[in-house]
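Encoded as structure tokens, the structure appears first; notes follow it.
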Amino acid sequence: MRTIVIIPTYNEAENLPELVSALFALPLDLSVLVVDDNSPDGTGQIAEELANIHPDRIHVIHREKKDGLRSAYLTGFKTALQMDAEALVQMDADFSHDPAVLVEMAETLKSCDLVIGSRYISGGAVDDAWPNWRKGLSAFGNNYARTILNVPIRDMTTGYRMWRADAIRGMPLGKVKAKGYVFMVEIAYLAYCLDYRIVEVPIYFADRKLGKSKMSIMISFEAAWRVWKVLIDSCGMRRKGKAARLG
Ligand code: GDD
Ligand code: MN
């Protein structure tokens, strides 16, 4: 399956070259699309240099300024679809998401529409080194979103996912309002409402070794109120009896 791995980057210069090597070492037909927001640490330049070395396998979108995950991913999705991808991957640049899991995700995607890399199913975990406030926020945020939206997906906020290109094509992405990390919740919920076949595979979320997280208090606030807005805006889209379909 022709796969494009979309990697949003902001100050990931120390991580990107190694991540690209790890991805290219996988036994998969994949290329990489970096969406960089004019990172002050020169990530965009490094991405260009990598693209010069592998012109067929790396593409780079340069944006003027930091503009959050929604617009980074929406731009990435649009470009990847134009490039005729059959599968799209969402992945962080900082090795919190082990590239090796993509092999299992690709296998799983053969019989579903969306594979979610999940920290909160049996076999999944988060790094002990992740600060306690992040562990707590992530666990709480997931329960909060799952409860309010009433969905059986265990990890609604994970940033590691693999989609069939047609599934992304079929989503009303223009309606997605969430700007920051809660974008992950909103599109997972949309996929659920559309009755897509969703399977969670366990992942180990390693804390980043290099660089800094971009999580902020504003991102958490947006997540807290946005979940309610997602619920209100999607009234009528909901269908019943989905739990049985979730693998
Ligand atoms: N282009 C762009 N623009 N990239 C961004 C931006 C932005 O505004 N904000 C963050 N990124 C990139 C980072 O460079 C990284 O590759 C990825 O998005 C995730 O950002 P991190 O800052 O590493 O996120 P985190 O580790 O704190 O949060 C993780 O957990 C969240 C909650 O579970 C991620 O997996 C999130 O995706 C997840 O929602
Ligand atoms: Mn991270």
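Just the heavy atoms: all of them, side chains too, but no hydrogens, waters or symmetry mates, feed the values below. Counting starts at 1 for both ligands and their atoms, in listed order. We number each residue from 1, following the sequence as shown.
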- [ ] Dump the intermediate steps for side chain to side chain contact (heavy atoms under 4.5 Å, CB included) on L102 and V5, then the final yes or no.
- [x] CA-CA 10 Å; L102 270 184; V5 181; 4.2 Å; yes
TODO: Could you tell me the residue and atom name of the protein heavy atom closest to atom 17 (C) of ligand 1, and the distance to it rounded to 0.1 Å?
DONE: D92 OD1, 3.5 Å
Open item on the list: To check your reading of the model: name the closest protein heavy atom to atom 14 (O) of ligand 1, its residue, and the distance in Å.
Closed with: E12 OE2, 2.6 Å
Open item on the list: Using a 4.0 Å cutoff against the non-hydrogen atoms of V35, which atoms of ligand 1 qualify?
Closed with: 1 (N)
Task: Contacting atoms of ligand 1, where contact means under 4.0 angstrom from a heavy atom of S213 - done: 22 (O), 25 (P), 27 (O)
Task: Name of the residue among K214, K212, K209 meeting salt bridge (charged side-chain N to carboxylate O under 4.0 Å, His left out) with E12 - done: K214
Task: Test of proximity, R208 against ligand 1: N or O pairs below 3.5 Å - done: yes
- [ ] Classify the ring geometry between F183 and Y73 as parallel (under 30°), tilted (30 to 60°) or perpendicular (over 60°).
- [x] parallel
Open item on the list: Could you check whether D92 and S96, counting side-chain N and O atoms only, form a donor-acceptor pair closer than 3.5 Å?
Closed with: no
Open item on the list: With a 4.5 Å cut-off on side-chain heavy-atom distances among I, L, V, M, F, W and Y, is there a chain of contacts connecting W130 to V101?
Closed with: no
- [ ] Would you mind listing which atoms of ligand 1 come within a distance below 4.0 Å of any non-hydrogen atom of R119?
- [x] 33 (O)
Open item on the list: Show the atoms of ligand 1 that are less than 4.0 angstrom away from any heavy atom in G159.
Closed with: 35 (O), 37 (O)
Open item on the list: Give the atom numbers and elements of ligand 1 that come within less than 4.0 Å of a heavy atom of T9.
Closed with: 1 (N), 2 (C), 4 (N), 14 (O)
Task: I116-L190 co-clustered via ILVMFWY side chain contacts under 4.5 Å - done: yes
- [ ] Looking only at protein heavy atoms, identify the closest one to atom 12 (C) of ligand 1 and say how far it is in Å.
- [x] P8 O, 3.3 Å
TODO: Please report the C-alpha distance between R2 and D29 in whole Å, then the side-chain angles of each, then the deciding distance to 0.1 Å, and finally whether the salt bridge (Lys or Arg N to Asp or Glu O under 4.0 Å) criterion is met.
DONE: CA-CA 5 Å; R2 251 188 344 273; D29 174 10; 5.7 Å; no
Open item on the list: Please report whether ligand 1 has a polar contact with T158, defined as an N or O pair separated by less than 3.5 Å (distance criterion only).
Closed with: no
Open item on the list: If we only consider heavy atoms of S96, is any one of them less than 4.0 Å away from an atom in ligand 1?
Closed with: no
Open item on the list: Students should be able to answer this: which protein heavy-atom is nearest to atom 21 (P) of ligand 1, and at what distance?
Closed with: Y181 OH, 3.3 Å
Open item on the list: Any heavy atom of H97 closer to ligand 1 than 4.0 angstrom?
Closed with: yes
Task: Between CG on residue D127 and CZ on residue R119, distance to nearest 0.5 Å - done: 12.0 Å
Task: Sidechain N-carboxylate O distance under 4.0 Å for D113, R197 - done: yes
Task: Closest approach of any protein heavy atom to atom 8 (O) of ligand 1, naming residue and atom - done: G68 N, 2.8 Å
- [ ] If you have a sec, work out which protein heavy atom is nearest atom 18 (O) of ligand 1 and how many Å separate them, to one decimal?
- [x] L69 CD2, 3.5 Å
Open item on the list: Counting only nitrogen or oxygen atoms and a 3.5 angstrom limit, does S138 reach ligand 1?
Closed with: no
Task: Atoms of ligand 1 close to A93 [distance to a heavy atom under 4.0 angstrom, numbered from 1] - done: 15 (C), 16 (O)
Open item on the list: Taking only non-hydrogen atoms of D94, do any sit less than 4.0 angstrom from ligand 1?
Closed with: yes
- [ ] Assess D94: does it contribute an N, O or S atom lying under 2.8 Å from the Mn ion (ligand 2)?
- [x] yes
Task: Closest protein heavy atom to atom 7 (C) of ligand 1, given as residue, atom name and distance to 0.1 Å - done: D37 OD2, 3.6 Å
TODO: Evaluate the side-chain proximity of F205 to S138: yes if any heavy-atom separation is below 4.5 Å, no if none is.
DONE: no
Open item on the list: Heavy-atom contact check, 4.0 Å cutoff: does F205 meet ligand 1?
Closed with: yes
Task: Minimum-distance pair of heavy atoms, taken over all atoms of L137 and M215 - done: CD2-CE, 3.7 Å
TODO: Around atom 28 (O) of ligand 1, find the nearest protein heavy atom and jot down its residue, atom name and distance.
DONE: R134 NH2, 3.3 Å
